[in-house]
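Beneath this line is the structure, given in structure tokens, with notes to follow.
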2 protein chains.
Amino acid sequence: MEEKEIPKAVISRLPKYYRYLGILMDEGVERVSSADLSRHMHATASQIRQDLNHFGGFGQQGYGYNVKYLYESIGKILGLDRGYTMIIVGAGRIGMAVASYTRFEKRGFKVIGIFDRRPENHRGENAGGIEVRGMDELPAFLRQNKPDIAALTMPSEGAAMVTPILIEGGVKGIWNFSHMDLEVPEDVTIQDVHLSESLMELGYRMNHPSGGQKTSGRRQES
Amino acid sequence: MEEKEIPKAVISRLPKYYRYLGILMDEGVERVSSADLSRHMHATASQIRQDLNHFGGFGQQGYGYNVKYLYESIGKILGLDRGYTMIIVGAGRIGMAVASYTRFEKRGFKVIGIFDRRPENHRGENAGGIEVRGMDELPAFLRQNKPDIAALTMPSEGAAMVTPILIEGGVKGIWNFSHMDLEVPEDVTIQDVHLSESLMELGYRMNHPSGGQKTSGRRQES
DNA sequence: TAGATTGTTAATCGATTAACAATC
DNA sequence: TAGATTGTTAATCGATTAACAATC
């Protein structure tokens, strides 16, 4: 299904398409044109057609796109049908937030373990029904359960220390909430979530209004 | 201080420069060249010089950049010296994580209020020492305290309902953790943090290794 | 068939990299 | 001064938009 090489910009838009198509499906909408989509997402119809065509023709001339088919196709492209397993390393507030966020599971990301330096602080806490384990159990857990992904929700220093253990244990994707830029081998994928950088960017943009905002209030109808 | 029109791509890199320069400062490093910076950030020296020059010349030929001066200059460009006030709407796990994240305050973002539909569930919780208030108190609080920013950490439906209240109350920036794309007037800035989209992107990238990863393991020394 | 809308090529725009003269 | 490294212009690359023929 994968063609040559998909531009980064396209990939980062796929989840947004997926989310919006999910909403349309829930509303019972059966077909949608690139022009319809462009109205509700912040993109031109041309860009949407261009984007989707990187993966082959999902649409039909004169008709548009079948919502359900497109939704499922994008889901497959994103690999949501693969059933990833994920652990969370760091049971602080962000870690617990990720853990209890059940929607991830619906999207094919299943949390199978949570680890913390001080598991005794979390006895009896309900994080999606999963018990918080001690960090010392991590290596054995990795060997036995081979999780695909680790969400790193610890302070920077801890994150840098844990990373080699995760890699040694075969983790192939790291969802990094720490402030550290992790250095990993080629076959490990890092996805950074730098919240304070996001907030600083907001601060900047508030003071420097530009013609076209990332998410603007404009919207033409029909 | 602001020149013509700074490219979006540059803006989104500023917080990263800022963070890295902060580390260098803590290490006591006094000067740094664009080549040094390029080695540790994932960018070419040329890009770094190009980026910084949008704001005027911070460097000196034959010497490089003064770390402290550059750090402070970028801080000013980002407006971190303005002392933003922020409220948090939604005292779920993510909301409380944001609330208790004291580093924001050091960066000039001060949390002055937390609101939740059910404040009674949060009696006695310590979120950076701020009490969780009921949603009914929000309009009056906005009038009195005029916060600059609201972090929206509620489920989508709630977020869409609260947004008009925030705008009516004079909030100029919304840090949006909900899954909704909010529609706001031109003078209000939205910064989205879509965690599940980030996770889906990770899933995709794990299965489609590309030559140049966003954060790769490569790094040449000197 | 006529109308609608895609798929796809070409044109434009923006961002990154390369190169080098200016200058500390 | 000689060496280093910026500031800045030019060249390349990539992403977006426009246009339209193909086709349902």
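Below, chains carry the letters A, B, ... as their sequence lines are ordered, and counting in each starts from 1. Small disclaimer: the values here were computed from a predicted structure and weren't measured.
The CG atom of B/N66 sits 16 Å away from the P atom of C/dC24 (whole-angstrom rounding). The CG atom of A/N53 sits 14 Å away from the P atom of D/dT23 (whole-angstrom rounding). Taking atom CZ on B/R31 and atom P on C/dC24, their separation rounds to 15 Å, with Å as the unit. Atom CD1 of A/I48 and atom P of D/dT17 are 10 Å apart (whole Å). Between the P atom of D/dT16 and the CG atom of A/L52 lies a distance of 13 Å, rounded to the nearest Å. Atom NZ of A/K8 is separated from atom C1' of D/dT16 by 18 Å (rounded to the nearest Å). Straight-line distance from the CD atom of A/Q60 to the C1' atom of C/dA4: 12 Å, rounded to whole Å. Distance B/D51 CG to C/dT16 P: 7 Å, rounded to the nearest Å.
The side chain of B/S46 approaches C/dA19 more closely than any other nucleotide in the set C/dA19, D/dT5, D/dT16. Checked against C/dA15, C/dT16, C/dC24, the side chain of B/P7 finds its nearest nucleotide in C/dA15. Counting only heavy atoms from C-beta on, B/Q61 has its side chain closest to D/dT6 among D/dA22, D/dT6, D/dT8.
Here the straight-line distance linking atom CZ of B/F58 with atom CG of B/L52 works out to 7.0 Å at 0.5 Å rounding. Summarising the geometry, atom OG1 belonging to B/T44 is positioned 8.0 Å from atom CZ belonging to B/R49; distances are rounded to the nearest 0.5 Å. Distance CG/A/L182 to CG/A/L152: 6.0 Å, rounded to 0.5 Å. Taken to the nearest 0.5 Å, the CD atom of A/Q50 stands 11.5 Å off from the OG atom of A/S34.
Sorted by first and then second residue, the pairs that involve residues 74-101 of chain B and meet ring-ring contact (aromatic ring centres under 6.0 Å, His included), not counting sequence neighbours, are A/H179-B/Y101, B/Y84-B/F109, B/Y101-B/F104.
Of the residues near DNA chain D, A/Y63 and B/G59, the one whose nearest nucleotide (by heavy atom distance) lies more toward the 5' end is B/G59.
The shortest distance between the side-chain N/O atoms of A/T44 and the OP1/OP2 oxygens of D/dT16 is not below 4.0 Å. Checking the phosphate oxygens (OP1, OP2) of C/dT5, no side-chain nitrogen or oxygen of A/S34 falls inside 4.0 Å. Contact annotation: B/R49 side-chain N/O to D/dT9 OP1/OP2 distance is not under 4.0 Å. Regarding contacts with the backbone of C/dG7, a side-chain N or O of A/Y65 is found under 4.0 angstrom from either OP1 or OP2. Between A/Q47 and the phosphate of D/dT16, there is a side-chain N or O to OP1/OP2 separation shorter than 4.0 Å.
In the interface, the side chain of A/Q50 is paired with the base of C/dT9 through a donor and an acceptor atom under 3.5 Å apart.
When only modelled atom types and interatomic distance are considered, A/D181 and B/Y20 share no side-chain donor-acceptor pair under 3.5 Å. Remark: the A/Y71 side chain and the A/N66 side chain contain no N/O donor-acceptor pair separated by less than 3.5 Å.
End-to-end axis angle of the helix from C/dG3-D/dC24 to C/dC24-D/dG3, using five pairs per end and rounding to 10°, comes to 20°.
Without hydrogens or angle criteria, B/N176 side chain to B/D192 main chain gives no donor-acceptor distance under 3.5 Å.
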